[in-house]
Amino acid sequence: MIRLGLFNASINNEKGFVWMNEAGTVIFHGSFAAGSGSVIKIGHPRAVLEIGDNVSNASSLKIDCHYRINIGKRGKFGWGVIIMDSNLHRLKNSDGTWVGKGYDAVEIGENSWISSQCVILPGTKFPPYSVCALGSVLNRDYLNGEKGLYAGRPAKLIKTGIWRDMADNTIDYNEI
């Protein structure tokens with residue numbers, strides 16, 4: 001089942017959902033839920049957005065796909081996350097030549113948790129079973145074979161061997 005803009009996180013009062021597809025390809029491998037205030041844009045006819053099974057976000061997820069974005073199964077996103085595979089505006093060197101190609105594929109590994117207000121930029125390859133801390137910027141290939149916690153602007157690997165178990169969100173406030 002694909003659910004778009006159907007629920008609202010208490011931290012966000014945005015309503016609705018925006019879907020823009022300029023003849024690109026979107027592949028859903030199962031259930032997907034995007035909270036209110038979310039926007040998905042497929043901005044090029046050859047663009048491919050691929051979303052694994054049981055992917056969801058709280059609210060205000062922004063996906064801007066002009067080339068290729070692949071989100072692994074059971075990927076979870078906090079509110080206000082931005083994912084983009086294009087710089088949208090290319091830069092030139094002083095001699096008039098282009099700086100880079102201006103786009104690159106984004107891959108988010110399965111069972112990853114991208115915390116609220118993170119930004120995922122072109123060329124990001126994020127490992128499975130990993131966590132991106134609140135407000136971080138992912139901007140490169142992080143595939144080092146280990147799950148872990150990534151944080152910062154730009155994000156760096158802070159701690160290995162930890163992950164968020166999506167099936168167990170237990171917090172015991174009596175321990176405080």
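Only a predicted model underlies this, so the values are computations on that prediction, with no experimental measurement involved.
Grouped with Tyr129 in one hydrophobic cluster are Trp163, the linkage being side-chain heavy-atom contacts under 4.5 Å among Ile, Leu, Val, Met, Phe, Trp and Tyr residues. Under a 4.5 Å side-chain heavy-atom cut-off, the cluster of Ile, Leu, Val, Met, Phe, Trp and Tyr residues that includes Ile27 is completed by Val48. Met84 belongs to a hydrophobic cluster whose other members, connected by ILVMFWY side-chain contacts under 4.5 Å either directly or through intermediates, are Ile82, Leu88, Val119, Leu121, Val137. Grouped by direct or indirect side-chain proximity (heavy atoms under 4.5 Å, Ile/Leu/Val/Met/Phe/Trp/Tyr only), Val39 sits with Val18, Met20.
Pairs passing the salt bridge (charged side-chain N to carboxylate O under 4.0 Å, His left out) check and including a residue from residues 38-56, sequence neighbours excluded, read Glu50-Arg68. Pairs of residues two or more places apart, or lying in two chains, never qualify as salt bridge (charged side-chain N to carboxylate O under 4.0 Å, His left out) while including a residue from residues 81-93. Listed by first and then second residue, the ring-ring contact (aromatic ring centres under 6.0 Å, His included) pairs involving residues 91-119 are Tyr67-Tyr103 (not counting sequence neighbours).
With sequence neighbours left out, Phe126 forms a ring pair (Phe, Tyr, Trp, His ring centres under 6.0 Å) with Tyr150. For Thr97, the side-chain contact (heavy atoms from CB on, under 4.5 Å) partners at least two apart in sequence or on another chain are Asn93, Asp95. Contacts of Lys156 classified as side-chain contact (heavy atoms from CB on, under 4.5 Å), with partners at least two apart in sequence or in another chain: none. Remark: Ser116 pairs with Trp79 by the side chain to side chain donor-acceptor pair (under 3.5 Å) rule, at least two apart or across chains. By the side-chain contact (heavy atoms from CB on, under 4.5 Å) test, Asn87 is found to be paired with Pro122, residues two or more places apart in sequence or in another chain being considered.
No side-chain donor from either of Arg74 and Asn54 sits under 3.5 Å from a side-chain acceptor of the other.
Test Cys132, Pro154, Cys118 against Leu138 for side chain to side chain contact (heavy atoms under 4.5 Å, CB included) and you get one pass: Cys132.
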